[in-house]
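Input: a single structure, listed below in structure tokens.
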Amino acid sequence: MSVADVTTPARPGSTSQAGQPTRPETRPREERPVLTGSQITCASLEAEGVTTVFGYPGGAVIPLYDALPKYAMHHVLVRFEQWAALAADGYARATGKVGVCIATSGPGATNLVTGLANAQLDSVPVVAITGQVAQPMIGRDAFQEVDITGITLPVTKHNYLVQRPEDIAPTLKEAFYLARSGRPGPVLVDIPKNVFLAKAPFQYPATAGRRGYQPSLLPNMRQVRLAAEAINQAKRPLIMAGHGIMLSGAEDIFARFVERTGVPVIFTLLGLGCFPESHPLALGLMGMHGHRHVNAALDQADLLVNIGARFDDRATGRVSGFAPHAKIVHVDIDPAEIGKNVRADVPVVGDAREVLKVLIHQVEHRRHGDWLAWIDTQRNRVLAAALEDRPDWPEPYAIVRTLSEVTQGEALVATDVGQHQMWAAQHYGFNHPNRWLTSGGLGTMGYGVPSAVGAKIGRPDLEVWAIVGDGGFQMSLNELATIGQERLDVKIAVINNGYLGMVRQWQDLFQAHNYSEVAISAPDFVKLAEAYGITGLRVRTNAEIRPAIEQARTIPGPVVIDFVIEPEANVYPIVPPGASNSEMIHDTRWRDPEEV
Ligand SMILES: Cc1ncc(C[n+]2csc(CCOP(=O)(O)OP(=O)(O)O)c2C)c(N)n1
């Protein structure tokens with residue numbers, strides 16, 4: 001995150017400029033309707049094109065909720081404020097628009113914090129509106145008072161405490177602008193109860209800007225030329241494709257760029273879907289649970305062109321062993337990312353789409369025959385390697401592959417965090433942008449169901465599946481009530497191993513099998529679903545996987561499928577913590593034809 005993007009928030013009782021209107025008014029004051037702060041908030045959201053907000057009411061936002069029904073906005077009543085933030089995050093990722101969430105002061109606001117941090121680490125545009133205690137009560141430890149601008153300063157791109165009703169509209173205009181522009185992120189707007197109740201003339205500003213905030217969209221042409229030279233000269237190049245490609249809407253030009261340069265593509269966890277995995281030049285997932293041939297290629301590459309990713313440690317493994325022979329080109333909109341984790345030989349600061357628009361004209365048509373042939377040998381070796389199925393349990397990778405086959409790879413898939421997340425990333429095969437929703441940077445358990453709620457509301461045309469673990473599902477299963485109330489057709493696949501699986505796997509592999517506090521009991525998920533008025537199905541063998549998925553798709557509305565898998569199934573390959581990507585370890589059931 002660029003510190004240049006962050007300015008000091010208004011603190012309670014301070015004279016900070018935050019929240020002060022900065023734009024010229026275009027209509028004479030007397031012609032503007034006089035509205036309450038609550039009405040101004042709703043009218044501003046409407047003017048911003050917001051059609052859905054996710055929230056939970058409480059004392060400080062009662063005035064806001066009083067006004068809300070009179071505006072053409074759909075409010076989704078979640079069952080916990082964190083899910084409001086994560087639903088807004090899922091809505092934003094699925095639609096490309098800004099997601100909006102609302103919470104009351106104090107505990108409502110603090111419950112948003114994890115969701116905001118999630119959006120911050122994954123660069124997702126979210127605007128959170130929180131109620132604050134009335135201004136005369138600020139600083140008095142009033143009932144449900146917390147300094148939410150102070151608390152969220154490190155986990156938001158920016159935040160505001162609004163001091164006057166006439167500041168609400170310009171502040172929201174600026175908040176939306178900041179959330180979606182440059183490197184996107186969450187912005188919080190805290191509004192005291194008496195400011196909601198006070199009146200002011202309303203006009204929504206036509207434009208927004210902020211002194212000192214100028215995202216670097218256009219690249220330096222000299223750096224672009226150096227990048228093109230490196231690409232034209234490379235013998236064993238790779239492109240590392242990240243989330244930034246989708247955030248900048250660069251998928252089309254990226255595909256043309258890949259085909260022109262003939263450079264194979266590897267994906268970060270959040271980059272999946274920015275280029276079809278079915279394309280011959282798409283190699284697959286990199287990093288800790290990446291495909292073996294992908295990490296093998298990274299080890300041999302003489303050039304790595306990172307577009308829109310931040311060299312997260314789960315992608316790089318031990319940095320000193322990362323892409324050891326490669327010159328590094330790093331394209332990123334955020335200058336603070338350049339050289340932060342991995343040195344960049346050719347830094348290019350700019351929006352991915354703007355960079356590709358100029359870079360594409362400077363790169364030569366190439367086909368890296370020998371290099372692709374070598375990668376194919378590695379890839380074929382992976383494909384030829386047989387994995388002995390566990391006879392009595394549904395294989396986790398088979399669940400994901402069957403889901404992909406049955407949905408023809410077209411579904412939007414949201415996950416929780418853990419082993420099931422990695423099986424989904426490895427085996428679904430994403431061919432469309434913004435249909436893979438996962439918590440990458442923060443690794444937020446509980447993300448799957450609320451983000452699927454947000455995604456389904458934003459993209460009702462898409463088939464939406466949440467793939468969750470039995471641990472994560474138990475964090476956010478209260479959203480089944482929201483799904484029921486909203487009549488959302490969201491299918492939930494619980495990969496149920498009776499453990500906090502990923503932690504158990506680390507204890508198994510790296511802590512001498514010392515299972516400490518990872519066995520987790522659960523309710524009967526079929527009965528639980530039924531208690532929420534939702535169909536529940538259970539799968540106990542490989543043979544039952546496909547019929548259950550097919551049956552779920554014929555049922556209109558939500559379905560929960562409880563896939564009871566082998567409790568100690570591990571996800572492979574895995575790069576041990578602190579190791580380099582070339583040191584990945586494999587399933588003991590793995591039969592590599594070249595090694596037996
Ligand atoms: C909120 C939160 N708490 C703790 C963790 C640490 N953690 C990462 S994966 C994991 C286990 C997840 O278990 P489960 O949801 O059952 O999924 P599985 O790994 O078994 O597929 C835990 C506890 C986390 N990522 N997020």
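Remember, it's a predicted structure, so these values are computed and weren't measured experimentally. Numbering of ligands and ligand atoms starts at 1, following listing order. Side chains are part of it too, since the values below use all heavy atoms of this structure and drop only hydrogens, waters and symmetry mates.
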Heavy atoms of other groups near Y428 OH, more than 12 under 6.0 Å: yes
Proximal ligand 1 atoms for Q419, defined as those under 4.0 Å from one of its heavy atoms: 18 (P), 19 (O), 20 (O), 21 (O)
Distance from atom 3 (N) of ligand 1 to nearest protein heavy atom, with residue and atom: M445 SD, 3.8 Å
Sub-4.0 Å atoms of ligand 1 with respect to non-hydrogen atoms of Y499: 16 (O), 20 (O)
Which of the ligand 1 atoms, numbered from 1, are nearer than 4.0 Å to a heavy atom of V503: 7 (N), 10 (C), 22 (C), 23 (C)
Nearest protein heavy atom with distance in Å, relative to atom 12 (C) of ligand 1: V417 O, 3.5 Å
Protein heavy-atom partner closest to atom 25 (N) of ligand 1 - residue, atom, separation in Å: G443 O, 2.8 Å
Close side-chain approach of Y499 to Y515, heavy-atom, < 4.5 Å: yes
For atom 14 (P) of ligand 1, closest protein heavy-atom neighbour: G471 N, 3.6 Å
Proximity to ligand 1 by part of V468, non-hydrogen separation under 4.0 Å: neither
Close N or O approach (M502, ligand 1; < 3.5 Å): yes
Subset of ligand 1 atoms that lie under 4.0 Å from at least one heavy atom of G501: 13 (O), 18 (P), 19 (O), 20 (O)
Protein contact to atom 17 (O) of ligand 1 [nearest heavy atom, distance to 0.1 Å]: H420 ND1, 3.4 Å
Separation of E550 CD from I545 CD1 (nearest 0.5 Å): 12.0 Å
Separation between SG of C274 and CG of N431, rounded to the nearest 0.5 Å: 11.5 Å
Protein contact of atom 15 (O) of ligand 1 - nearest heavy atom, named by residue and atom, plus distance: G472 N, 2.7 Å
Region of F473 that comes within reach of ligand 1 [heavy atoms, distance under 4.0 Å]: neither
L528 CG to Q474 CD distance, which is reported to the nearest 0.5 Å: 9.0 Å
Proximal ligand 1 atoms for N497, defined as those under 4.0 Å from one of its heavy atoms: 20 (O)
Salt-bridge contact R314-D312 (side-chain N to carboxylate O under 4.0 Å): no
Numbered atoms of ligand 1 (with element) below 4.0 Å of D470, judged on heavy atoms: 16 (O)
Side-chain (Y532) to main-chain (I483) donor-acceptor, under 3.5 angstrom: no
